Structure formats: C-alpha cells, structure tokens
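Notes follow once the structure below has been shown.
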Amino acid sequence: QVQLEESGGGLVQPGGSLRLSCAASGSIYSVNDMGWYRQAPGKERELVARITNGGITNYADSVKGRFTISGDYAKNTVLLQMNSLKPEDTAVYYCNAEVRISYITRNRFWGQGTQVTVSS
C-alpha cells in the first residue's frame, strides 16, 4: 500500500499565500511524477500543477505565474507554493502520484484532500 500525506491547507485572505506539501510512503520502488489537483463544489476535479521525476512541470493556465511546484524525489515529496491567492482558488486540493511498486508495476494514488479557502 502507498499513502500520500498532505498538509498546509487553511484559510487565507485574497492576495495571501499558502504552501501545500505531500509525501509518499509505503511500498515504493520509485515515483514517476507527483502533483496537485483541486475540486470546487459542483465542479470537476482539475489539474493544478504537476512535476515529473526529471523536473518537467505543468500548470493550469489559471495559476501560472502565481503557483510554483517543486519536488524532492529523494524524499518522495512535492511542494506547492501558492501566492497571490484569489477566491476562485478555493477548493479541496488533492495530491496525486504515479508510483512504481515494482520494476514492472505502476499505479496512481490519491491523497485524502486538504481544504484551501480564500476569503476576506
């Protein structure tokens, strides 16, 4: 079993900052990529940012220039620095990782989700 431990959510005013972290643990051979998705009430879950083991990043257009994702794959950990937060960033944020559990077997895993609320 692979588990993703998330932290860093909370309440912040518009224009403020938060940092989310996620660490993968368990039966891990290697981690191929890690990232964050978010889901607002009544909306589809969407990609926020993702980073591969090789350092390639992807961001949603709505967060480019405001959010920065970084990874430490020696520790199977990913950080999401969120600056200039807007009310529309309010959502439950979910960590996601593609993990090799053996040389030939891989799967994707999800965290439980952490609430981010941006409100004055």
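Computed over heavy atoms, backbone and side chain alike; hydrogens, waters and symmetry mates excluded. Just so you know, these numbers come straight off a predicted model, no measurement behind them.
- Side-chain atoms of N107 do not come within 3.5 Å of backbone N or O of R100 as any donor-acceptor pair.
- In the hydrophobic clustering of ILVMFWY residues, with side-chain heavy atoms under 4.5 Å counting as a link, V92 and W110 come out together.
- By the side chain to side chain contact (heavy atoms under 4.5 Å, CB included) test, S120 is found to be paired with P14, residues two or more places apart in sequence or in another chain being considered.
- Considering every non-hydrogen atom in both V78 and C95, the closest pair reads CG1-SG, 4.3 Å.
- Around the CD atom of E88, the shell of radius 6.0 Å holds more than 12 heavy atoms that belong to other residues, nucleotides or ligands.
- F67 places a side-chain heavy atom less than 4.5 Å from the side chain of L85.
- Nearest heavy atom pair, residue Y94 against residue G111, reads CD2-O, 3.7 Å.
- With contacts defined as side-chain heavy-atom distances shorter than 4.5 Å, the pair L79/Q81 does not qualify.
- V12 and V63 fall within a single hydrophobic cluster, where Ile, Leu, Val, Met, Phe, Trp and Tyr are joined by side-chain heavy atoms under 4.5 Å apart, directly or via other members.
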Cut-off 3.5 Å, no hydrogens considered: what does the side-chain donor-acceptor table look like for residues 21-36, sequence neighbours left out?
residue: S21; atom: OG; partner: S7; partner atom: OG; Å: 2.6
residue: N32; atom: ND2; partner: E98; partner atom: OE2; Å: 2.7
residue: D33; atom: OD1; partner: R108; partner atom: NH2; Å: 2.7

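- Interatomic distance, N58 CG to T52 OG1, rounded to the nearest 0.5 Å: 8.5 Å.
- To the nearest 0.5 Å, the span separating OH on Y73 from CG on N53 amounts to 6.0 Å.
- Within a 6.0 Å radius of CD in E5, no more than 12 heavy atoms belonging to other residues, nucleotides or ligands are found.
- Looking at heavy atoms from C-beta onward, T90 lies in side-chain contact with Q115 at the 4.5 angstrom threshold.
- Residues V116 and M82 form a side-chain contact, since some pair of their non-hydrogen atoms from C-beta on lies under 4.5 Å apart.
- By the 4.0 Å N-to-carboxylate-O rule, K86 lies too far from D89 to be salt-bridged with it.
- Between the side chain of Y93 and the main chain of E6, no donor-acceptor pair closer than 3.5 Å is present.
- Around CD of Q112, the count of heavy atoms belonging to other residues, nucleotides or ligands within 6.0 Å does not exceed 12.
- Expressed to the nearest 0.5 Å, how far OG1 of T117 lies from CD of Q13 amounts to 13.0 Å.
- In this structure, V48 and Y37 approach most closely via the heavy-atom pair CG2-C, 3.9 Å.
- To the nearest 0.5 Å, atoms CZ (R50) and CG (L80) are separated by 13.0 Å.
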